[in-house]
Amino acid sequence: MSGRWVLHVDLDEFLAAVEVLRHPELAGRPVVVGGRGDPTERAVVATASYAAREHGIRSGMPLRTAAKRCPDVVFLPADNPAYEAVSAQVMDVLRGLDGVVVEVMGWDEAFLGVQTDDVAAFARHVQEAVHAATGLRSTVGIGDNLLRAKIATGFGKPRGVFVLTAQNWMEVMGHRPTRALWGIGVRTERTLAERGLRTVADLAAADPAALAADLGPAMGPHFVQLGRGIGREHVDPTPWVPRSHGRETTFQTDLGDWDAVRGEVAALARRVAGEIAAGGTGAGGISGAGRPARRVGVTVRFVPFTTRTRSATLPGPTTDPDALAAAALEVLERFPSRRAVRLLGVRAEF
DNA sequence: TCTGGGGTCCTAGGACCC
DNA sequence: TCTGGGGTCCTAGGACCC
């Protein structure tokens with residue numbers, strides 16, 4: 001076979017693997033990275049090593065629960081700058097491959113566009129290049145578009161290679177629940193099931209116009225396309241331009257004093273202003289240095305877990321900390337409740 | 001399972017304007 | 001004056017992903 005291919009490269013147990021690289025004695029042990037590494041705190045699992053997953057530990061699970069599932073798990077604090085640095089190294093390796101176009105999707109994954117006669121051999125070559133340069137293992141999904149390549153990765157985990165194209169799409173995916181599709185979560189799965197659409201094959205055979213009426217003019221037909229495995233075919237290497245930047249904090253103890261709430265919102269706003277003025281977060285920074293905010297949004301999670309957002313367009317674009325803090329405080333005043341708060345967030349939109 | 005933090009995109013209703 | 005239609009912006013919320 002020859003022609004253009006899409007590869008989805010996904011690093012295995014990325015955060016845990018980075019920690020094992022610098023703590024080799026942890027190899028093979030149940031390792032959980034998340035929060036400040038303290039399982040008594042309000043925090044969740046960012047990444048669990050495969051050994052930890054054998055005990056039923058999963059991403060998004062409270063650290064406290066992980067500790068109950070496996071008492072001898074090693075908890076480590078998330079060290080985002082370290083992961084960003086390793087990620088940048090991996091992306092450089094990918095960009096250095098001959099004849100590839102790279103679209104970065106996150107710290108631990110990227111799409112590659114390539115023309116080759118032996119795509120399976122090329123995938124192995126990618127895995128070896130990443131491992132040689134960084135010591136990290138990866139899985140490669142191969143497809144005739146980004147959707148199929150991304151889904152293929154799931155069948156290749158860990159360390160494997162899997163091919164998913166129009167040829168084997170229905171054979172591999174047709175009988176699976178719609179949730180197996182990238183872009184369909186629990187809610188949409190349920191909504192579709194209420195309409196009798198339970199499997200990927202059901203969805204593929206559905207009438208796009210009927211779903212448009214039920215699920216929205218864009219999303220309805222889009223879901224049918226997902227069921228058919230149809231998606232974007234060209235990998236786009238254009239650097240990402242962020243649409244927004246924000247910070248949020250969950251308090252270890254609920255905040256009942258609204259003077260304190262105002263103080264926290266102002267502090268978050270100043271921090272966000274500083275970061276967007278500097279051009280982003282972390283070692284490498286993000287593109288769009290110094291771009292001013294046009295809108296500001298405030299998130300309040302009330303006790304126990306009800307989350308509300310308010311936002312406002314700023315009088316003029318700004319990166320000024322005082323202006324952003326003042327605007328965020330005005331938005332905060334528009335929340336009708338003064339109940340105790342568990343989380344606060346401030347987000348700047350460009 | 002008492003539930004993080006960083007994002008993106010879509011939808012719908014109302015305001016507002018011509 | 002009892003009432004159209006289109007376009008765009010603003011805002012809140014939902015859903016999803018890593």
Side-chain angles (χ1 to χ4, degrees), chain A residues 8 10-11 13-15 32-47 56-69 77-78 80 83-84 87 104-110 146-147 150-151 153-154 178-179 181-192 212-223 226 240-254 268 271-272 275 280-282 286 288 294-314 331 334-336 342-350:
Chain A
H8 178 253
D10 194 301
L11 300 167
E13 49 177 1
F14 177 54
L15 273 50
V32 161
V33 179
R36 292 187 282 198
D38 179 349
T40 68
E41 287 194 349
R42 285 177 172 171
V44 300
V45 176
T47 300
I57 297 172
R58 295 286 179 272
S59 294
M61 174 180 285
L63 296 187
R64 199 185 309 265
T65 308
K68 278 182 203 155
R69 299 240 171 144
N80 293 358
Y83 312 139
E84 277 172 29
S87 172
V104 177
M105 288 299 290
W107 279 352
D108 64 343
E109 58 179 303
L146 279 73
L147 173 69
K150 167 77 184 178
I151 294 173
T153 298
T178 56
R179 182 76 176 84
L181 295 165
W182 185 37
I184 293 190
V186 276
R187 308 297 296 233
T188 303
E189 177 183 38
R190 197 165 72 203
T191 304
L192 292 171
D214 280 0
L215 298 167
M219 298 310 288
H222 171 67
F223 291 139
L226 287 184
W240 182 252
V241 180
R243 272 73 163 163
S244 67
H245 174 71
R247 289 284 169 184
E248 56 183 54
T249 315
T250 293
F251 302 103
Q252 290 304 318
T253 37
D254 303 329
L268 283 168
R271 179 173 179 196
V272 168
E275 287 169 346
T281 65
I286 50 177
R294 292 173 185 279
R295 292 177 53 78
V296 63
V298 175
T299 300
V300 178
R301 177 122 74 215
F302 294 99
V303 176
F305 208 71
T306 309
T307 308
R308 292 285 178 265
T309 63
R310 293 285 184 279
S311 62
T313 299
L314 298 168
V331 171
R334 305 211 325 257
F335 286 83
R342 132 179 214 124
L343 167 147
L344 291 171
V346 173
R347 175 162 300 277
E349 293 172 36
F350 304 120

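All chains are named by letter (A, B, ...) in the order of the sequence lines, taking the proteins before the strands, and each is independently numbered beginning at 1.
- For A:R308 and A:F302, the positive end is not near the middle of the six-membered ring at less than 6.0 Å and at most 45° from its axis.
- Between C:dC10 and A:R294, no contact under 4.0 Å exists linking OP1 or OP2 to a side-chain N or O.
- Here A:R187 reaches the OP1 or OP2 of C:dA15: one of its side-chain N or O atoms lies under 4.0 Å away.
- Place A:D214 and A:R69 on DNA chain B by their nearest nucleotides, and A:R69 ends up nearer the 5' end.
- Residue contacts for A:R301: at a heavy-atom cut-off of 4.0 Å it reaches the sugar-phosphate backbone alone, with no base atom in range.
- Counting non-hydrogen atoms under 4.0 angstrom, A:M219 reaches the backbone sugars and phosphates but no base.
- Nucleotides B:dC17 and C:dT3 place their P atoms 23 Å apart, quoted to the nearest Å.
- If you check every strand for non-hydrogen atoms under 4.0 Å, A:L181 touches sugar and phosphate atoms only.
- The residue A:G35 sits apart from the nucleic acid: no heavy atom pair falls under 4.0 Å.
- Across all strands, A:R58 comes closer than 4.0 Å to no nucleic acid atom at all (heavy-atom distances).
- Using a 4.0 Å heavy-atom criterion, one finds that A:L63 contacts no nucleic acid atom at all.
- For A:K150, a side-chain nitrogen or oxygen approaches OP1 or OP2 of C:dC18 to under 4.0 Å.
- OP1 or OP2 of C:dG13 sits under 4.0 Å from a side-chain N or O of A:T309.
- Residue contacts shown for A:G246 are limited to sugar-phosphate atoms, with no base heavy atom under 4.0 Å away.
- Across all strands shown, A:W182 has heavy atoms under 4.0 Å from sugar-phosphate atoms exclusively, and none from any base.
- Taking atom CG of A:L344 as the reference point, atom P of B:dG5 lies 11 Å away to the nearest angstrom.
- Within the nucleic acid shown, A:V186 comes within 4.0 Å of sugar-phosphate atoms alone, with no base atom in reach, counting heavy atoms only.
- Of the side-chain N and O atoms in A:R347, one or more sit less than 4.0 angstrom from OP1 or OP2 of B:dG7.
- Residue-level contact check: A:A46 touches neither bases nor backbone, having no heavy atom under 4.0 Å from any strand.
- Side-chain nitrogen and oxygen atoms of A:T313 include none within less than 4.0 Å of the OP1 or OP2 phosphate oxygen of C:dC9.
- Sequence order on DNA chain B of the closest nucleotides to A:T65 and A:R271 puts A:T65 first from the 5' end.
- Counting any heavy atom pair closer than 4.0 Å across all strands shown, A:T249 reaches sugar-phosphate atoms only and no base atom.
- In terms of phosphate contacts, A:R247 brings a side-chain nitrogen or oxygen within less than 4.0 Å of OP1 or OP2 of B:dG6.
- A:R179 comes within 4.0 angstrom of sugar-phosphate atoms only, judged by non-hydrogen atoms across all strands, and of no base.
- Counting non-hydrogen atoms under 4.0 angstrom, A:R334 reaches the backbone sugars and phosphates but no base.
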